[in-house]
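Take a look at the structure set out below.
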Amino acid sequence: MELGGPSRTALVAAYARAYHQVANEPRVFTDPIAGRILGVTDGELTELDTAGTDHPGLGAASNRPRRLFIAARSRFAEDAVHDAVAAGVRQTVILGAGLDTFAYRNPYPDLRVYEVDHPDTQAWKRERLAIAGIDLPDTLTFTPVDFETDTLAARLADAGFDRSAAAIFVWLGVTIYLTSAAIQSTIELIAGQAAPAEVILDYGQAAATPEDRAELQARAERVAAIGEPWLSYFTPDEMTETLRGFGFTRIDDRSVRDLIAGYIDAPSSNANFFGPHVVRASR
(Lines give C-alpha, C1' and ligand atoms only; values in the text may rest on other atoms or scores of the structure.)
Protein backbone atom coordinates (compact mmCIF):
# COMPACT_ATOMS: atom_id res chain seq x y z
CA MET A 1 0.00 0.00 0.00
CA GLU A 2 1.29 3.44 -0.90
CA LEU A 3 1.03 6.14 1.74
CA GLY A 4 -2.25 7.98 1.40
CA GLY A 5 -3.98 5.44 -0.81
CA PRO A 6 -5.09 1.85 -1.24
CA SER A 7 -2.94 -1.03 -2.37
CA ARG A 8 -2.60 -1.74 -6.08
CA THR A 9 -4.37 -5.06 -5.63
CA ALA A 10 -7.25 -3.38 -3.77
CA LEU A 11 -7.70 -1.09 -6.76
CA VAL A 12 -7.63 -4.04 -9.17
CA ALA A 13 -10.39 -5.77 -7.15
CA ALA A 14 -12.45 -2.56 -7.08
CA TYR A 15 -12.14 -2.18 -10.85
CA ALA A 16 -13.12 -5.81 -11.32
CA ARG A 17 -16.33 -5.28 -9.34
CA ALA A 18 -17.06 -2.09 -11.27
CA TYR A 19 -16.28 -3.54 -14.71
CA HIS A 20 -18.48 -6.53 -13.95
CA GLN A 21 -21.45 -4.13 -13.83
CA VAL A 22 -21.00 -3.20 -17.52
CA ALA A 23 -19.36 -6.33 -18.96
CA ASN A 24 -21.18 -8.52 -21.45
CA GLU A 25 -21.51 -11.51 -19.14
CA PRO A 26 -24.03 -13.01 -16.71
CA ARG A 27 -24.44 -10.73 -13.70
CA VAL A 28 -23.13 -12.50 -10.61
CA PHE A 29 -22.99 -9.51 -8.28
CA THR A 30 -24.80 -6.18 -8.41
CA ASP A 31 -23.07 -3.08 -7.06
CA PRO A 32 -24.50 0.21 -8.35
CA ILE A 33 -21.83 2.34 -6.67
CA ALA A 34 -18.73 0.29 -7.54
CA GLY A 35 -17.84 2.71 -10.34
CA ARG A 36 -18.83 5.85 -8.44
CA ILE A 37 -16.39 5.23 -5.59
CA LEU A 38 -13.61 4.89 -8.16
CA GLY A 39 -14.71 8.06 -9.92
CA VAL A 40 -15.27 6.34 -13.28
CA THR A 41 -18.32 6.32 -15.54
CA ASP A 42 -19.83 3.31 -17.30
CA GLY A 43 -18.37 4.64 -20.54
CA GLU A 44 -14.89 4.83 -19.05
CA LEU A 45 -15.24 1.30 -17.69
CA THR A 46 -16.16 -0.08 -21.10
CA GLU A 47 -13.03 1.52 -22.53
CA LEU A 48 -10.69 -0.33 -20.18
CA ASP A 49 -9.69 -2.73 -22.96
CA THR A 50 -7.67 0.12 -24.44
CA ALA A 51 -6.18 1.32 -21.15
CA GLY A 52 -2.43 1.57 -20.70
CA THR A 53 -0.58 -1.40 -19.27
CA ASP A 54 -0.09 0.40 -15.94
CA HIS A 55 -3.80 1.06 -15.42
CA PRO A 56 -5.19 -0.98 -12.47
CA GLY A 57 -8.43 -1.58 -14.35
CA LEU A 58 -6.78 -3.32 -17.28
CA GLY A 59 -6.85 -6.67 -15.52
CA ALA A 60 -10.57 -6.30 -14.93
CA ALA A 61 -11.15 -6.02 -18.65
CA SER A 62 -8.69 -8.67 -19.80
CA ASN A 63 -9.07 -11.45 -17.23
CA ARG A 64 -12.67 -12.68 -17.20
CA PRO A 65 -12.17 -15.66 -14.82
CA ARG A 66 -10.50 -13.47 -12.21
CA ARG A 67 -13.20 -10.82 -12.59
CA LEU A 68 -15.94 -13.42 -12.16
CA PHE A 69 -14.17 -14.81 -9.12
CA ILE A 70 -13.96 -11.38 -7.46
CA ALA A 71 -17.64 -10.74 -8.21
CA ALA A 72 -18.64 -14.20 -6.98
CA ARG A 73 -16.70 -13.97 -3.73
CA SER A 74 -18.42 -10.64 -2.97
CA ARG A 75 -21.80 -12.21 -3.73
CA PHE A 76 -20.94 -15.25 -1.59
CA ALA A 77 -19.98 -13.01 1.34
CA GLU A 78 -23.05 -10.80 1.10
CA ASP A 79 -25.31 -13.86 0.82
CA ALA A 80 -23.72 -15.12 4.04
CA VAL A 81 -24.33 -11.76 5.72
CA HIS A 82 -27.97 -11.97 4.61
CA ASP A 83 -28.26 -15.41 6.25
CA ALA A 84 -26.60 -14.15 9.41
CA VAL A 85 -28.95 -11.18 9.72
CA ALA A 86 -31.92 -13.51 9.21
CA ALA A 87 -30.58 -15.58 12.10
CA GLY A 88 -30.36 -12.53 14.37
CA VAL A 89 -26.78 -11.30 13.93
CA ARG A 90 -26.56 -7.52 14.18
CA GLN A 91 -22.88 -6.75 13.62
CA THR A 92 -20.43 -7.51 10.82
CA VAL A 93 -16.74 -6.76 10.50
CA ILE A 94 -15.15 -6.23 7.08
CA LEU A 95 -11.44 -6.86 7.49
CA GLY A 96 -9.22 -5.14 4.96
CA ALA A 97 -12.26 -3.34 3.57
CA GLY A 98 -10.41 -1.48 0.83
CA LEU A 99 -12.97 -0.03 -1.59
CA ASP A 100 -15.72 -2.46 -0.62
CA THR A 101 -19.12 -0.76 -0.83
CA PHE A 102 -21.40 -3.04 1.19
CA ALA A 103 -21.68 -0.56 4.07
CA TYR A 104 -23.08 2.07 1.68
CA ARG A 105 -25.62 -0.36 0.21
CA ASN A 106 -26.46 -2.07 3.51
CA PRO A 107 -30.15 -3.00 3.29
CA TYR A 108 -30.40 -3.96 6.98
CA PRO A 109 -31.19 -0.90 9.13
CA ASP A 110 -30.16 -2.61 12.37
CA LEU A 111 -26.90 -4.18 11.12
CA ARG A 112 -23.79 -2.38 12.36
CA VAL A 113 -20.89 -2.54 9.88
CA TYR A 114 -17.30 -2.13 11.10
CA GLU A 115 -14.84 -1.37 8.29
CA VAL A 116 -11.30 -2.31 9.34
CA ASP A 117 -8.33 -1.05 7.34
CA HIS A 118 -5.08 0.88 7.54
CA PRO A 119 -5.63 4.51 8.57
CA ASP A 120 -4.15 5.87 5.32
CA THR A 121 -6.37 3.64 3.21
CA GLN A 122 -9.45 4.72 5.14
CA ALA A 123 -8.56 8.38 4.83
CA TRP A 124 -8.22 8.00 1.05
CA LYS A 125 -11.49 6.09 0.86
CA ARG A 126 -13.34 8.76 2.81
CA GLU A 127 -12.05 11.35 0.36
CA ARG A 128 -13.32 9.21 -2.52
CA LEU A 129 -16.72 8.85 -0.87
CA ALA A 130 -16.99 12.60 -0.35
CA ILE A 131 -15.99 13.37 -3.94
CA ALA A 132 -18.50 10.82 -5.23
CA GLY A 133 -21.29 12.19 -3.04
CA ILE A 134 -21.79 8.83 -1.32
CA ASP A 135 -23.28 9.39 2.11
CA LEU A 136 -21.84 7.73 5.22
CA PRO A 137 -24.66 5.68 6.75
CA ASP A 138 -25.38 5.80 10.46
CA THR A 139 -24.80 2.04 10.60
CA LEU A 140 -21.13 2.35 9.56
CA THR A 141 -18.18 2.56 11.93
CA PHE A 142 -14.72 3.13 10.48
CA THR A 143 -12.13 1.15 12.45
CA PRO A 144 -8.59 2.18 11.52
CA VAL A 145 -5.92 -0.34 12.50
CA ASP A 146 -2.18 0.08 12.00
CA PHE A 147 -0.92 -3.41 12.75
CA GLU A 148 2.58 -2.07 13.41
CA THR A 149 1.32 -0.25 16.50
CA ASP A 150 -2.24 -1.49 17.17
CA THR A 151 -4.06 -4.73 17.81
CA LEU A 152 -7.30 -5.62 16.05
CA ALA A 153 -9.02 -6.50 19.32
CA ALA A 154 -8.14 -3.15 20.91
CA ARG A 155 -9.27 -1.07 17.93
CA LEU A 156 -12.53 -3.00 17.61
CA ALA A 157 -13.18 -2.42 21.31
CA ASP A 158 -12.50 1.30 20.86
CA ALA A 159 -15.00 1.33 17.97
CA GLY A 160 -17.74 -0.13 20.18
CA PHE A 161 -17.72 -3.65 18.75
CA ASP A 162 -19.45 -6.09 21.13
CA ARG A 163 -17.36 -9.21 21.72
CA SER A 164 -20.18 -10.77 23.72
CA ALA A 165 -22.64 -10.68 20.80
CA ALA A 166 -22.81 -12.78 17.65
CA ALA A 167 -20.98 -11.45 14.59
CA ILE A 168 -20.00 -12.29 11.05
CA PHE A 169 -16.54 -11.39 9.71
CA VAL A 170 -15.77 -10.85 6.02
CA TRP A 171 -12.07 -11.19 5.18
CA LEU A 172 -11.44 -11.17 1.43
CA GLY A 173 -8.31 -10.53 -0.60
CA VAL A 174 -6.05 -10.31 2.44
CA THR A 175 -4.72 -13.60 3.83
CA ILE A 176 -2.30 -14.33 0.99
CA TYR A 177 -0.37 -11.17 1.93
CA LEU A 178 -0.03 -12.18 5.60
CA THR A 179 2.21 -14.56 7.45
CA SER A 180 0.76 -17.80 8.76
CA ALA A 181 1.12 -16.49 12.32
CA ALA A 182 -0.88 -13.35 11.50
CA ILE A 183 -3.61 -15.40 9.85
CA GLN A 184 -3.90 -17.73 12.81
CA SER A 185 -3.98 -14.81 15.24
CA THR A 186 -6.93 -13.26 13.40
CA ILE A 187 -8.79 -16.56 13.15
CA GLU A 188 -8.25 -17.03 16.88
CA LEU A 189 -9.77 -13.60 17.55
CA ILE A 190 -12.80 -14.43 15.40
CA ALA A 191 -13.17 -17.80 17.13
CA GLY A 192 -13.26 -16.02 20.48
CA GLN A 193 -16.39 -14.12 19.50
CA ALA A 194 -19.58 -15.13 21.28
CA ALA A 195 -21.36 -17.83 19.30
CA PRO A 196 -22.60 -17.89 16.70
CA ALA A 197 -19.45 -16.57 15.07
CA GLU A 198 -18.84 -16.84 11.36
CA VAL A 199 -16.09 -15.88 8.91
CA ILE A 200 -15.91 -15.71 5.14
CA LEU A 201 -12.34 -15.65 3.91
CA ASP A 202 -10.35 -16.49 0.82
CA TYR A 203 -6.87 -17.95 0.69
CA GLY A 204 -4.14 -18.73 -1.81
CA GLN A 205 -4.15 -22.37 -2.83
CA ALA A 206 -0.87 -24.21 -2.51
CA ALA A 207 0.29 -25.69 -5.82
CA ALA A 208 0.27 -29.47 -6.20
CA THR A 209 1.50 -29.97 -9.77
CA PRO A 210 4.47 -28.61 -11.76
CA GLU A 211 2.05 -26.71 -14.02
CA ASP A 212 0.29 -25.12 -11.07
CA ARG A 213 3.60 -24.26 -9.41
CA ALA A 214 4.82 -22.53 -12.57
CA GLU A 215 1.60 -20.51 -12.87
CA LEU A 216 1.65 -19.60 -9.18
CA GLN A 217 5.29 -18.53 -9.37
CA ALA A 218 4.64 -16.28 -12.37
CA ARG A 219 1.68 -14.59 -10.68
CA ALA A 220 3.57 -14.23 -7.39
CA GLU A 221 6.46 -12.53 -9.16
CA ARG A 222 4.11 -10.01 -10.78
CA VAL A 223 2.56 -8.91 -7.47
CA ALA A 224 5.92 -8.94 -5.70
CA ALA A 225 7.19 -6.54 -8.35
CA ILE A 226 4.63 -3.95 -7.21
CA GLY A 227 5.59 -4.40 -3.57
CA GLU A 228 2.80 -6.73 -2.45
CA PRO A 229 4.38 -10.19 -2.11
CA TRP A 230 2.34 -13.30 -1.45
CA LEU A 231 3.38 -14.86 1.86
CA SER A 232 0.98 -17.70 2.67
CA TYR A 233 -0.61 -20.62 0.83
CA PHE A 234 -2.78 -23.48 2.02
CA THR A 235 -4.21 -26.69 0.69
CA PRO A 236 -7.94 -27.09 1.38
CA ASP A 237 -7.10 -29.75 3.98
CA GLU A 238 -4.65 -27.41 5.71
CA MET A 239 -7.18 -24.59 5.87
CA THR A 240 -9.87 -26.93 7.19
CA GLU A 241 -7.47 -28.23 9.84
CA THR A 242 -6.58 -24.66 10.85
CA LEU A 243 -10.21 -23.62 11.20
CA ARG A 244 -11.21 -26.78 13.07
CA GLY A 245 -8.28 -26.21 15.42
CA PHE A 246 -9.94 -22.97 16.52
CA GLY A 247 -13.36 -24.56 16.99
CA PHE A 248 -15.06 -23.97 13.64
CA THR A 249 -17.26 -26.96 12.90
CA ARG A 250 -19.24 -26.00 9.78
CA ILE A 251 -16.86 -25.34 6.91
CA ASP A 252 -17.83 -24.73 3.28
CA ASP A 253 -14.68 -24.51 1.10
CA ARG A 254 -15.11 -23.70 -2.60
CA SER A 255 -12.66 -23.53 -5.47
CA VAL A 256 -12.83 -20.77 -8.07
CA ARG A 257 -14.74 -23.02 -10.46
CA ASP A 258 -17.21 -24.25 -7.83
CA LEU A 259 -17.81 -20.75 -6.48
CA ILE A 260 -18.63 -19.26 -9.89
CA ALA A 261 -20.64 -22.30 -10.96
CA GLY A 262 -22.91 -21.66 -7.98
CA TYR A 263 -24.19 -18.54 -9.73
CA ILE A 264 -23.84 -19.19 -13.46
CA ASP A 265 -23.59 -22.28 -15.64
CA ALA A 266 -20.17 -23.86 -15.25
CA PRO A 267 -19.48 -24.11 -19.01
CA SER A 268 -19.96 -20.36 -19.43
CA SER A 269 -17.78 -19.44 -16.45
CA ASN A 270 -14.50 -20.39 -18.16
CA ALA A 271 -13.11 -20.72 -14.66
CA ASN A 272 -10.74 -23.59 -15.24
CA PHE A 273 -7.64 -21.81 -13.97
CA PHE A 274 -5.62 -22.52 -10.86
CA GLY A 275 -6.64 -20.02 -8.21
CA PRO A 276 -7.73 -19.21 -4.68
CA HIS A 277 -10.47 -20.75 -2.57
CA VAL A 278 -13.24 -19.11 -0.56
CA VAL A 279 -14.35 -20.52 2.79
CA ARG A 280 -17.42 -19.93 4.90
CA ALA A 281 -16.87 -21.23 8.43
CA SER A 282 -18.95 -20.95 11.58
CA ARG A 283 -19.05 -22.16 15.13
Side-chain angles (χ1 to χ4, degrees), residues 6 10 13-14 17-18 20-21 28-39 70-71 73-146 150-174 186 189-190 192-202 278 280-283:
R17 290 190 297 268
H20 180 65
Q21 310 306 307
V28 173
F29 174 67
T30 299
D31 184 346
I33 62 174
R36 286 178 58 196
I37 195 171
L38 286 166
I70 290 172
R73 76 181 183 185
S74 295
R75 167 78 177 274
F76 187 71
E78 293 191 16
D79 286 350
V81 171
H82 171 82
D83 294 345
V85 171
V89 175
R90 294 295 177 263
Q91 52 183 0
T92 183
V93 179
I94 303 179
L95 298 169
L99 289 169
D100 185 90
T101 66
F102 170 76
Y104 317 95
R105 300 177 284 104
N106 177 12
Y108 315 110
D110 54 353
L111 177 68
R112 169 64 52 181
V113 180
Y114 296 86
E115 279 199 3
V116 175
D117 219 327
H118 190 279
D120 290 332
T121 300
Q122 286 198 339
W124 184 88
K125 182 175 185 176
R126 295 183 75 154
E127 290 179 3
R128 290 300 327 151
L129 291 165
I131 292 169
I134 299 172
D135 294 333
L136 303 184
D138 293 338
T139 52
L140 168 65
T141 300
F142 285 108
T143 310
V145 179
D146 184 341
D150 300 329
T151 66
L152 176 59
R155 296 290 76 80
L156 282 172
D158 291 345
F161 179 70
D162 188 353
R163 292 284 283 161
S164 66
I168 180 168
F169 294 75
V170 177
W171 194 20
L172 300 177
V174 178
T186 302
L189 180 142
I190 295 170
Q193 187 70 19
E198 187 169 5
V199 61
I200 296 86
L201 65 88
D202 59 354
V278 175
R280 179 178 178 180
S282 58
R283 55 174 290 279

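One-based numbering along the sequence shown.
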### Message
So if I apply the side-chain contact (heavy atoms from CB on, under 4.5 Å) rule between Glu115 and each of Thr121, Thr92, Leu140, Thr143, which one comes out positive?
### Response
Leu140
### Task
Answer yes when Asp79 and Arg280 have at least one side-chain N-carboxylate O distance shorter than 4.0 Å, and no when they do not.
no
### Task
Assign the ring pair Phe161 / Tyr114 to parallel, tilted or perpendicular, where the plane angle (0 to 90°) is split at 30° and 60°.
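Ring orientation, 0 to 90° scale: perpendicular.
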### Task
Could you check whether the rings of Tyr108 and Phe102 sit parallel, tilted or perpendicular, using 30° and 60° as the cut-offs?
tilted
With rounding to the nearest 0.5 angstrom, report the [atom1] to [atom2] distance, [X] to [Y].
| X | Y | atom1 | atom2 | value |
| --- | --- | --- | --- | --- |
| Asn106 | Glu78 | CG | CD | 9.0 Å |
| Ile33 | Leu38 | CD1 | CG | 10.5 Å |
| His20 | Thr30 | NE2 | OG1 | 7.0 Å |

Test item: [X] and [Y] side chains (from C-beta on) under 4.5 Å apart, heavy atoms:
| X | Y | answer |
| --- | --- | --- |
| Leu99 | Lys125 | yes |
| Leu136 | Phe142 | yes |
| Trp171 | Asp202 | no |
| Arg283 | Ile190 | no |
| Leu152 | Leu95 | yes |

### Message
Give me the atom names and distance for the closest heavy-atom approach of Ala80 to Ile200.
### Response
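Looking at all heavy atoms of both residues, the closest pair is CB-CD1, 3.6 Å.
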### Message
Show the nearest heavy-atom pair for residues Phe29 and Arg105, with the distance to one decimal.
### Response
CZ-NH2, 3.6 Å
### Query
Taking only residues two or more places apart in sequence or in another chain, which ones pass salt bridge (Lys or Arg N to Asp or Glu O under 4.0 Å) with Asp162?
none
### Task
Using salt bridge (Lys or Arg N to Asp or Glu O under 4.0 Å) as the criterion, list what pairs up with Asp110, not counting sequence neighbours.
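Only Arg90 meet the salt bridge (Lys or Arg N to Asp or Glu O under 4.0 Å) criterion with Asp110.
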If we ignore hydrogens and angles and just use 3.5 Å, is the side chain of [X] paired with the main-chain N or O of [Y] as donor and acceptor?
| X | Y | answer |
| --- | --- | --- |
| Thr101 | Tyr104 | no |
| Arg155 | Pro144 | no |
| Gln21 | Arg17 | yes |
| Asp117 | Gln122 | no |

### Query
Testing Thr141, Asp138, Thr139 for side-chain hydrogen bond (donor to acceptor under 3.5 Å, both in side chains) with Arg112, which one passes?
Thr141
### Message
Pair Val81, Leu111 - check side-chain contact (heavy atoms from CB on, under 4.5 Å), show working.
### Response
CA-CA 10 Å; Val81 171; Leu111 177 68; 3.8 Å; yes
